[in-house]
Amino acid sequence: MKSLVILISGRGSNMQALIEAGLPGRIAAVISSKPGAEGLEIAKMHGIKTRVVDQRAYPDRAAFDAALAEEIDSCQPDLVALAGFMRILGSSFVDRYHGRLLNVHPSLLPAFPGLDTHARALQEGVKIHGCTVHFVTPQIDHGPIIIQAAVQVLPDDTTETLAARVLQQEHRIYPEAVRWFMEDRLEFSHNRVEVSGTATDGAVLYSPELHK
Ligand code: GAR
């Protein structure tokens, strides 16, 4: 059975979605970059081992990355899933977990990498917004895309209403992508990810219109 380490920095709702999805794998640990992260309590309630690698305790990114890698490697996970992990990871960290480091991001990448994605989507007047699960590369919020979910932007949307609908979709697609990884169904070809054994063409694109 494959195992997973989840990295968080805050609320942990994506972590919770992964925990409650009944994945075909073991969650070896949840590691937070912040001591008071709400997600730590949720993980503990589920009986999952938690650790904190406090970002403030290290003089620079390299030292933090090294401490984080040590904590991760002590669990020997097959997969590392960033779930609202709000630290930029250095390229040697990313390379160390090449092909087994996933992230969920609240936009339809490559649009709106970085922060404040919902406000920026509203500002730009896009009609479709959403979220993405992708393999992590050293470039921030970038890398081979596994699955995306589209959300219609409504005329009266606020940052909060739009964020809430996108988050609902994050909770659907992240467990799906992790499940595919656990089942060895993700294949790279020319920087694109194919999902083997997918029943329908639409499986890697969730859209409210397609999946009512
Ligand atoms: C989620 O919306 C996630 O996509 C985003 O932070 C939020 C964390 O919420 N991640 C990023 O912006 C990473 N670039 P959560 O802690 O409730 O899962």
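The structure presented is a predicted model; accordingly, all values stated were derived computationally and were not measured. Atoms within a ligand are numbered from 1 in the order they appear, just like the ligands themselves.
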Under 4.0 Å from a heavy atom of [X]: which atoms of ligand 1 are those, numbered in the order shown and with their elements?
X: R11; answer: 9 (O), 15 (P), 16 (O), 17 (O)
X: H105; answer: 4 (O), 12 (O), 13 (C), 14 (N)
X: S13; answer: 15 (P), 16 (O), 17 (O), 18 (O)

Could you check [atom] against the protein and tell me its nearest heavy-atom contact, residue, atom and distance included?
atom: atom 10 (N) of ligand 1; answer: V104 O, 3.7 Å
atom: atom 6 (O) of ligand 1; answer: G84 CA, 3.8 Å
atom: atom 3 (C) of ligand 1; answer: E170 OE1, 3.3 Å

Does [X] come within less than 4.0 Å of ligand 1, judged by its heavy atoms?
X: D141; answer: yes
X: M86; answer: yes
X: P106; answer: yes

R100 to F181, cation-pi by 6.0 Å centre distance and 45° axis angle
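Judged by the rule (NZ or CZ under 6.0 Å from the ring centre, within 45° of its axis), R100 is not positioned above F181.
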Is there a continuous path of hydrophobic side-chain contacts, each under 4.5 Å between heavy atoms, that joins L82 to I48?
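Different hydrophobic clusters.
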Establish whether L18 and I173 are linked, either directly or via other cluster members, by ILVMFWY side-chain heavy-atom contacts under 4.5 Å.
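Looking at the clustering, I173 is in the same group as L18.
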For F93 and A69, which heavy atoms make the closest approach, and how far apart are they?
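Of all heavy-atom pairs spanning F93 and A69, the closest is CE1-N, 4.0 Å.
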Taking N or O atoms only and a 3.5 Å limit, does G12 qualify as a polar contact for ligand 1?
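Checking ligand 1 against G12, an N or O pair does fall under 3.5 Å apart.
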Please identify each residue that fulfils side chain to side chain contact (heavy atoms under 4.5 Å, CB included) with I42, with sequence neighbours left out.
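Scan of I42 (side chain to side chain contact (heavy atoms under 4.5 Å, CB included), adjacent residues dropped) gives M15, Q16, H46.
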Can you give the donor-acceptor pairs under 3.5 Å from side chains of residues 118-128 to other protein atoms, not counting sequence neighbours?
{"residue": "H118", "atom": "ND1", "partner": "H129", "partner atom": "NE2", "Å": "2.9"}
{"residue": "R120", "atom": "NH1", "partner": "P113", "partner atom": "O", "Å": "2.8"}
{"residue": "R120", "atom": "NH1", "partner": "L115", "partner atom": "O", "Å": "2.5"}
{"residue": "R120", "atom": "NH2", "partner": "P113", "partner atom": "O", "Å": "3.0"}

Does a donor on one side chain sit under 3.5 Å from an acceptor on the other, for D95 and S91?
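Distance-only check fails for D95 and S91.
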